[in-house]
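Numbers restart at 1 for each chain; the letters A, B, ... are given by sequence-line order, proteins then strands.
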Amino acid sequence: MSKIDLSVTIGSLKLRNPVLLASGTVGYGNEMSEFIDLNKIGGIVTKSLSLKPRKGNPPQRIVETPAGMLNAIGLANVGVEVFLIEKIPFLKNYDVPLICNIAASSIEEYVECTKILTCEDTIKAFEINVSCPNVKEGGLQFGNDIHAVGKITEKVKACTNKPVIIKLSPNVSYISEFAKVVKEEGGDAVSAINTLVGTSFNIFTKRPKLHNVTGGLSGPAIKPVALAKVLEIKRLVDIPIIGIGGIMNWKDVVEFMIAGSSAIQIGTANFINPNSADEIIKDLENYCTSYSIEKISELTGSYKI
Amino acid sequence: MSKIDLSVTIGSLKLRNPVLLASGTVGYGNEMSEFIDLNKIGGIVTKSLSLKPRKGNPPQRIVETPAGMLNAIGLANVGVEVFLIEKIPFLKNYDVPLICNIAASSIEEYVECTKILTCEDTIKAFEINVSCPNVKEGGLQFGNDIHAVGKITEKVKACTNKPVIIKLSPNVSYISEFAKVVKEEGGDAVSAINTLVGTSFNIFTKRPKLHNVTGGLSGPAIKPVALAKVLEIKRLVDIPIIGIGGIMNWKDVVEFMIAGSSAIQIGTANFINPNSADEIIKDLENYCTSYSIEKISELTGSYKI
Amino acid sequence: MFIVKSPVEQTIELENNILVIKVHSPEISSEIKPGQFLNVRVSETYSPLLRRPFSVCDVEGDFIFLMFNVLGEGTKILAQKRKGETIDLLGPLGHGFNLDDDYQTAVIVAGGLGAAPFPYFVKKIPNDKRIISFVGGKTNNEVITYGLKNILISTDDGSLGFKGTVIDLLNENLEILNKGKIKIFSCGPNAMLKAIKEFSIKNNFECEVSIESAMACGFGICQGCPVESTSNKEKYSLVCKDGPVFNVRDIVL
Amino acid sequence: MFIVKSPVEQTIELENNILVIKVHSPEISSEIKPGQFLNVRVSETYSPLLRRPFSVCDVEGDFIFLMFNVLGEGTKILAQKRKGETIDLLGPLGHGFNLDDDYQTAVIVAGGLGAAPFPYFVKKIPNDKRIISFVGGKTNNEVITYGLKNILISTDDGSLGFKGTVIDLLNENLEILNKGKIKIFSCGPNAMLKAIKEFSIKNNFECEVSIESAMACGFGICQGCPVESTSNKEKYSLVCKDGPVFNVRDIVL
Ligand SMILES: Cc1cc2nc3c(=O)[nH]c(=O)nc-3n(C[C@H](O)[C@H](O)[C@H](O)COP(=O)(O)OP(=O)(O)OC[C@H]3O[C@@H](n4cnc5c(N)ncnc54)[C@H](O)[C@@H]3O)c2cc1C
Ligand SMILES: Cc1cc2nc3c(=O)[nH]c(=O)nc-3n(C[C@H](O)[C@H](O)[C@H](O)COP(=O)(O)OP(=O)(O)OC[C@H]3O[C@@H](n4cnc5c(N)ncnc54)[C@H](O)[C@@H]3O)c2cc1C
Ligand SMILES: Cc1cc2nc3c(=O)[nH]c(=O)nc-3n(C[C@H](O)[C@H](O)[C@H](O)COP(=O)(O)O)c2cc1C
Ligand SMILES: Cc1cc2nc3c(=O)[nH]c(=O)nc-3n(C[C@H](O)[C@H](O)[C@H](O)COP(=O)(O)O)c2cc1C
Ligand code: FES
Ligand code: FES
């Protein structure tokens with residue numbers, strides 16, 4: 001049996017395998033390390049970081065839905081400073097590419113966060129969250145504003161040499177238009193998708209179950225939508241795609257790669273089985289062996305339509 | 001026990017209860033009548049009708065997904081003429097409001113269909129499908145084009161005195177903007193939502209499971225998204241809403257009404273239990289009795305935020 | 001047509017991982033005909049969401065039998081049902097086999113689980129008809145002969161019976177088939193049905209096939225199960241309503 | 001912390017529709033402490049998708065016990081598990097009760113299913129401490145005394161024991177409570193915990209409470225289970241990681 005090559009590249013970022021852990025579903029790695037060998041996975045994407053620490057939304061923050069869940073965490077995070085001082089040291093113990101996810105409420109804040117974080121060697125790339133549906137500070141919803149997404153890409157690129165990945169919102173008419181702007185402004189890749197806007201009511205109190213009223217839908221329920229968004233981008237824009245949305249097992253990974261993803265992220269599945277990523281990587285290797293796939297990257301965009 | 005009033009109104013359309021059967025999930029009523037007493041339900045929405053008969057897409061048209069399904073039927077239908085001659089006579093045997101759903105590939109075709117059908121007394125209202133994700137004839141995707149939606153509303157209204165309901169696409173950035181245009185152009189109500197665009201691949205053949213490549217996602221998986229769309233419209237536009245998306249039981253109906261729906265439609269649930277609507281109506285009556293709700297219409301938009 | 005929650009009586013394990021589930025359902029047992037099917041809801045949860053179609057395999061008094069093997073989530077749950085648990089049946093659905101036309105010998109051609117509808121077929125066929133069964137599989141553990149009569153077997157690898165496809169076996173036995181008027185009744189994988197169609201047309205045999213399709217409703221409202229018809233190019237036939245049994249000449253396979 | 005598929009040994013039905021499930025899980029039984037919990041995956045399907053948190057109710061050798069009643073989909077599936085079937089446990093999770101501080105009498109205050117963590121608590125409390133248990137419910141069929149010791153009961157409607165809330169009953173027994181140093185350990189509905197907090201502060205009693213929250217992960221990565229902390233207004237505490245047992249003075253109820 002020859003060795004299978006699971007490595008993939010996203011722009012200039014080389015990963016040993018395509019399985020990343022998604023922002024907001026892995027914390028800063030420490031709790032997850034009790035369950036999974038972080039050295040085996042393709043990469044970790046941090047919880048979205050903002051310039052200052054954020055407390056996040058009051059409870060209730062989470063609601064289960066059919067084959068999915070809504071969350072309205074509200075970007076609770078420690079802020080970039082505390083991240084560098086308290087969280088990075090732990091991650092330095094591991095040989096796993098760290099992708100820093102940044103969320104902000106102004107273009108300036110994105111820039112400032114990037115500038116502060118780019119000096120840290122451990123960080124291998126940035127994922128810019130322009131698409132969190134659960135905070136509306138300053139009335140801005142960047143994810144739905146194509147000019148803002150272009151501007152953010154341009155400005156963030158200008159202050160770092162590291163790859164910049166823009167995480168796109170699915171709550172738009174044509175996600176490929178956003179991917180196109182990202183490419184035009186020099187972005188290295190896009191992540192698709194963030195969560196779908198959803199809500200749920202307690203029928204007895206008539207109140208929304210989430211304190212934030214609406215939240216983001218994730219989990220297997222959204223997989224068909226996420227796949228369609230990946231495919232739309234792949235067919236129309238030449239930019240690497242990190243596929244996200246409802247991935248639970250190796251078959252889902254292969255499906256996302258066929259649809260056009262260069263790599264993928266595991267989100268909600270981490271809550272159900274924090275060792276999913278490791279199991280999936282093993283299963284992908286077996287799959288490649290069985291089907292004589294020497295380089296897994298061949299799968300990317302291999303759909304036959 | 002006093003009699004519960006389950007009746008609701010949608011513009012000038014008065015329904016004996018808020019439970020309608022959704023377009024494409026009830027055919028033209030005849031097969032369903034084997035399982036459910038059509039005289040008990042709030043109304044039937046026909047399969048989308050076009051001017052000429054349509055063959056629809058080649059197989060495979062249907063894929064199951066987690067808590068949902070994708071369909072790409074491609075608007076297979078008998079056409080307005082055959083509908084009037086062959087299907088209406090059966091429906092005349094029942095005392096159930098008939099809402100005729102129309103799909104077309106040009107504004108002229110919408111108008112022509114409406115003109116032909118409006119003379120038929122049995123038809124109590126029109127639901128205009130501007131949002132089918134599974135046909136792209138003439139390159140038009142009305143559902144994502146706010147001007148087209150406005151124009152269609154205006155032109156269809158001009159040729160009928162019957163209530164005109166526009167069925168909106170959820171695959172847009174802000175569904176409330178579409179609802180606003182519908183209101184401005186004289187539309188009587190909106191239906192929300194049609195299916196979400198999704199896809200699925202066979203990982204062994206690398207082909208899309210659906211011949212049409214993408215399809216429309218329906219079923220419980222989409223309920224949180226549908227509720228958020230209904231709520232968005234309710235908060236921003238003063239127009240009656242018919243809520244649709246993943247409704248399986250009476251609790252779901254109450255949730256949709258709280259979020260802002262005046263009535264609702266049952267879609268995918270009909271395939272799993274063709275008697276759902278009848279059971280739901282009974283359950284709604286019991287619920288109203290238990291909670292001393294005299295008029296179910298009080299629930300509409302009764303959310304506390 | 002009924003929607004009934006019917007209690008499971010027993011699950012019988014045949015060889016080769018094939019299961020037969022016996023369900024108490026007087027409403028359906030008294031109405032259903034060979035070749036018709038049921039759309040089965042195996043779980044009250046949304047996982048799986050849709051019903052699963054199964055041919056009626058056999059009927060005994062108030063009991064019906066379904067034959068299946070564990071493929072995915074639905075059949076996995078079905079396989080775990082124990083006596084007393086219920087399954088939710090919708091049916092009888094579709095058109096079954098036409099047993100009463102003018103022929104002397106019913107030639108059953110079954111590939112793999114395509115054997116499912118035939119035990120009941122064998123029971124219901126009029127007394128004055130003969131039966132001969134051709135059963136094919138890739139290897140011997142795909143050959144299912146449950147409830148069949150006068151059986152000839154073929155396997156692609158020759159591990160059981162004749163070595164070759166079931167079509168090869170039919171061709172080997174053309175002489176027998178050409179004695180008196182026969183009608184072929186077939187069910188199995190699509191590739192086999194295509195070959196059966198060609199074989200029937202070439203030899204001028206009457207032939208009915210039971211075909212499969214992805215389905216949502218099973219009774220004609222979703223339009224999810226089209227099959228191209230040879231007579232009407234403007235319109236698909238529906239497998240659930242116009243089939244699942246078709247005259248092989250009426251559909252494009 | 002472990003993720004283990006553990007076989008069910010037995011499901012015991014107490015009165016009042018309360019169930020106790022006994023599971024063979026040496027990994028967890030040897031590590032878990034009273035007040036800690038497990039996040040349980042009841043089904044391999046996506047229905048329900050998320051795990052369900054349950055306090056450890058008791059431990060006997062390699063076996064752990066969970067106490068629950070059927071509320072929704074998850075507990076319904078759990079209730080149907082039979083001997084030999086497995087459930088997927090993640091744990092031990094969170095911080096349990098601090099049994100070793102300086103007090104003489106542990107005053108257990110349990111409302112309804114809040115009794116769940118105490119059987120194991122009663123076993124593990126150091127020998128030199130006394131226990132007194134106050135158990136409340138709306139009516140007599142909400143009173144759960146399984147595994148408790150020295151029990152005083154209250155019901156809102158007086159159908160069993162003292163008529164009134166469990167707080168009223170505590171107030172009735174203030175004299176006993178004021179003899180020696182006590183510490184209250186409480187679990188139950190939120191309204192009760194609020195009252196317990198007020199009661200403890202007013203009477204200057206030490207008090208730990210086990211609280212609930214919606215949860216996704218159960219181990220600190222989803223941030224789904226915030227509770228307002230009294231000491232740090234800038235940051236929520238997490239029920240799953242910082243709790244579920246808190247010093248009642250540390251959180252806003
Ligand atoms: C009219 C009709 C009668 C049928 N009668 C029988 C019968 O008597 N016995 C029996 O075992 N099966 C029968 N089938 C097929 C049966 O419905 C499927 O095997 C079943 O739905 C699989 O469900 P699942 O959840 O276990 O598998 P799924 O998880 O749905 O699928 C598992 C695998 O099987 C494939 N698959 C799913 N449905 C079909 C299908 N219809 N045909 C071929 N492959 C499929 C999937 O693509 C997948 O690879 C019949 C189908 C039809 C349409
Ligand atoms: C740390 C912790 C320990 C727990 N220990 C126990 C225990 O030992 N025994 C026990 O029976 N339960 C315990 N619970 C609660 C238990 O997790 C829920 O009852 C269970 O998740 C219900 O699952 P379900 O699928 O049956 O119900 P669902 O379908 O999820 O819910 C059914 C109904 O219960 C409500 N509900 C759901 N979760 C909770 C919750 N956490 N608290 C209150 N109401 C809820 C829902 O709103 C709904 O009305 C604990 C919860 C936590 C957070
Ligand atoms: C609880 C939770 C918190 C999340 N937080 C973030 C976040 O901080 N930043 C971000 O970009 N995405 C966040 N996401 C979105 C995920 O990274 C991912 O895009 C989404 O959940 C879809 O993937 P899944 O279906 O595999 O979960 C969060 C998702 C969940 C469920
Ligand atoms: C098989 C199928 C066919 C459909 N056909 C139509 C159609 O012809 N016209 C239309 O407006 N909507 C059509 N729909 C959309 C439904 O009317 C409904 O908007 C959607 O399914 C969401 O509701 P549900 O989740 O309850 O199914 C179809 C849906 C399904 C599942
Ligand atoms: S399965 Fe629905 S029409 Fe045939
Ligand atoms: S439940 Fe996930 S952080 Fe507490």
* Under a 4.5 Å heavy-atom cut-off, does chain B meet the side chain of A:V172, its backbone, both or neither? -> both
* Between A:L217 and chain B, which part of the residue has a heavy atom less than 4.5 Å away: side chain, backbone, both or neither? -> side chain
* Checking heavy atoms, do the side chain of B:L227, its backbone, both or neither come under 4.5 Å from chain A? -> both
* **Under 4.5 Å from any heavy atom of chain B - which part of A:L299** => side chain
Tell me which donor-acceptor pairs, judged by distance alone and kept under 3.5 Å, run between chain B and chain A, one pair per line.
residue, atom, partner, partner atom, Å
B:N144, ND2, A:Y174, OH, 3.1
B:S173, N, A:S173, OG, 3.4
B:S173, OG, A:S173, N, 3.4
B:Y174, OH, A:N144, ND2, 3.1
B:T199, N, A:P224, O, 2.9
B:S200, OG, A:E255, OE2, 3.3
B:F201, N, A:E255, OE2, 2.8
B:K206, O, A:K304, N, 3.0
B:P224, O, A:T199, N, 2.9
B:E255, OE2, A:S200, OG, 3.3
B:E255, OE2, A:F201, N, 2.8
B:K304, N, A:K206, O, 2.9

* Asked: Which atoms of B:I203 come close to chain A, meaning under 4.5 Å heavy atom to heavy atom: side chain ones, backbone ones, both, or neither?
  -> both
* Asked: Given a strict heavy-atom distance threshold of 4.5 Å, which part of B:V213 is in contact with chain A: side chain, backbone, both, or neither?
  -> side chain
* **Most contacts with chain A, counted as non-hydrogen pairs under 4.5 angstrom, among B:P224, B:A228, B:G219, B:G68** => B:P224
* Asked: chain B heavy atoms under 4.5 Å from A:I258: which part of the residue, side chain, backbone, both or neither?
  -> side chain
* **For chain A, the option from B:G246, B:P170, B:G198 that forms the most heavy-atom pairs under 4.5 Å** => B:G198
